[in-house]
Protein chains: 2
Amino acid sequence: MENFDPALDGAFHALADPTRRAVLRQLLAGPKPVKQLAEPFAMGLPAFLKHLRVLEETGLIATEKTGRIRTCRIEPERLLQAESWLAEQRAFWGAGADRLAAYVENHLAEEPNP
Amino acid sequence: MENFDPALDGAFHALADPTRRAVLRQLLAGPKPVKQLAEPFAMGLPAFLKHLRVLEETGLIATEKTGRIRTCRIEPERLLQAESWLAEQRAFWGAGADRLAAYVENHLAEEPNP
DNA sequence: AAATCAGTTCACCACTTGGCAAACCAAATC
DNA sequence: GATTTGGTTTGCCAAGTGGTGAACTGATTT
């Protein structure tokens with residue numbers, strides 16, 4: 001029932017950028033320092049740091065600075081929250097019988113694009 | 001490996017707005033005309049139509065106009081695509097053993113002795 | 001035919017986003 | 001102690017977003 005959940009807003013907004021999704025992908029393999037994370041992207045560090053800050057403020061990653069390097073690690077809770085919202089919606093449109101019938105009628109006759 | 005998928009960009013961007021998420025919730029119960037969809041929200045129709053267009057261009061909903069009323073219905077494919085991306089990431093960070101250990105250490109008060 | 005109703009379009013506005021360059025700070029390194 | 005290295009801050013800019021009000025179109029009702 002939490003339609004106005006700011007955490008969801010932030011999580012989906014953060015995920016809407018390919019750079020940020022790629023950062024999350026990199027962090028799946030384990031924590032990494034900022035510069036190593038930034039390497040694959042064709043942009044300056046300031047721009048990249050903005051993306052990191054978005055991810056951190058949203059709670060999708062956490063960072064810690066030791067010495068002069070800042071290490072980033074993934075923070076799975078928000079990711080799980082976003083996924084569970086989507087799963088909840090899916091469960092819902094699976095629930096209505098007529099809704100399901102309409103879906104079948106409209107989509108099963110054609111070839112869906114994967 | 002499709003990090004630069006514009007469809008995902010659009011889907012997550014569309015989901016980042018509470019109004020649009022609420023519209024999707026309403027449509028889970030079945031197709032609805034525009035005005036009925038717009039009723040719960042404290043905004044004019046032009047602003048609401050912009051949200052609907054975002055949802056439609058992203059492929060999250062489909063609309064059809066008969067007479068003077070436009071009926072909207074949900075289009076589950078994009079939703080599934082977004083959810084499966086998240087599920088994929090979750091599967092990944094479940095894969096790394098040290099990553100999993102760090103997660104347990106940081107978030108669970110239990111002892112993960114395998 | 002006139003009035004209403006459901007959308008639509010248009011012009012405009014405040015605010016955010018995503019990028020840049022340049023200067024700056026602190027920690028390693030030479 | 002001078003220099004590189006990793007990160008940060010500060011302005012700045014073009015483009016996009018989310019909203020408004022007013023005018024308009026076309027279908028329905030009276």
Would you be so kind as to tabulate the donor-acceptor pairs closer than 3.5 Å made by side chains of residues 29-55 of chain B, with sequence neighbours excluded?
| residue | atom | partner | partner atom | Å |
| --- | --- | --- | --- | --- |
| B/K32 | NZ | B/Q26 | O | 3.3 |
| B/H51 | ND1 | B/R20 | NH1 | 3.1 |

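For the pair A/F12 CZ and D/dT17 P, the computed distance is 18 Å after rounding to whole Å. Rounded to an integer number of Å, the gap from NE2 of B/H13 to C1' of C/dT16 is 12 Å. We find that CG of B/D9 is positioned 14 Å from C1' of C/dT17, with the value rounded to whole Å. A straight line from CZ of A/F41 to C1' of C/dC20 spans 18 Å, rounded to a whole angstrom. Protein atom CE of A/M43 is 12 Å distant from nucleotide atom C1' of C/dT17, rounded to whole Å. When the C1' atom of C/dG18 is taken as reference, atom CZ of A/R20 falls 9 Å away, rounded to whole Å. C/dA6 atom P lies 16 Å from atom NZ of B/K32, rounded to whole Å. Nucleotide C/dT17 holds its C1' atom 15 Å from the CG atom of B/D17, rounded to whole Å.
Ion pairing of A/R21 with B/D5 is absent here, as no side-chain N (NZ or NE/NH1/NH2) approaches a carboxylate O to less than 4.0 Å.
B/L27 is not connected to B/I69 by any chain of hydrophobic side-chain contacts under 4.5 Å among Ile, Leu, Val, Met, Phe, Trp and Tyr, and they are in different clusters.
Aromatic ring pairs are classed by plane angle as parallel below 30°, tilted from 30° to 60° and perpendicular above 60°; the pair B/F12 and B/W85 is perpendicular.
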Start with the C-alpha gap between A/L80 and B/R90, add the side-chain angles, then the distance that decides, and say whether side-chain contact (heavy atoms from CB on, under 4.5 Å) holds. CA-CA 8 Å; A/L80 286 175; B/R90 177 170 45 81; 3.3 Å; yes

Side chain to side chain donor-acceptor pair (under 3.5 Å) assessment of A/E56 paired with A/T63: CA-CA 7 Å; A/E56 188 173 13; A/T63 76; 3.0 Å; yes

Taking only N/O atoms, report every protein-nucleotides 5-11 of chain D pair under 3.5 Å with atom names and distance.
| residue | atom | partner | partner atom | Å |
| --- | --- | --- | --- | --- |
| D/dT5 | O2 | A/R68 | NH1 | 2.4 |
| D/dG6 | OP2 | A/K35 | NZ | 2.9 |
| D/dG7 | OP1 | A/V34 | N | 3.4 |
| D/dG7 | OP1 | A/R70 | N | 3.2 |
| D/dG7 | OP2 | A/K35 | N | 2.7 |
| D/dT8 | OP1 | A/R70 | NE | 2.6 |
| D/dT8 | OP1 | A/R70 | NH2 | 2.9 |
| D/dT9 | OP2 | A/R53 | NH2 | 3.4 |

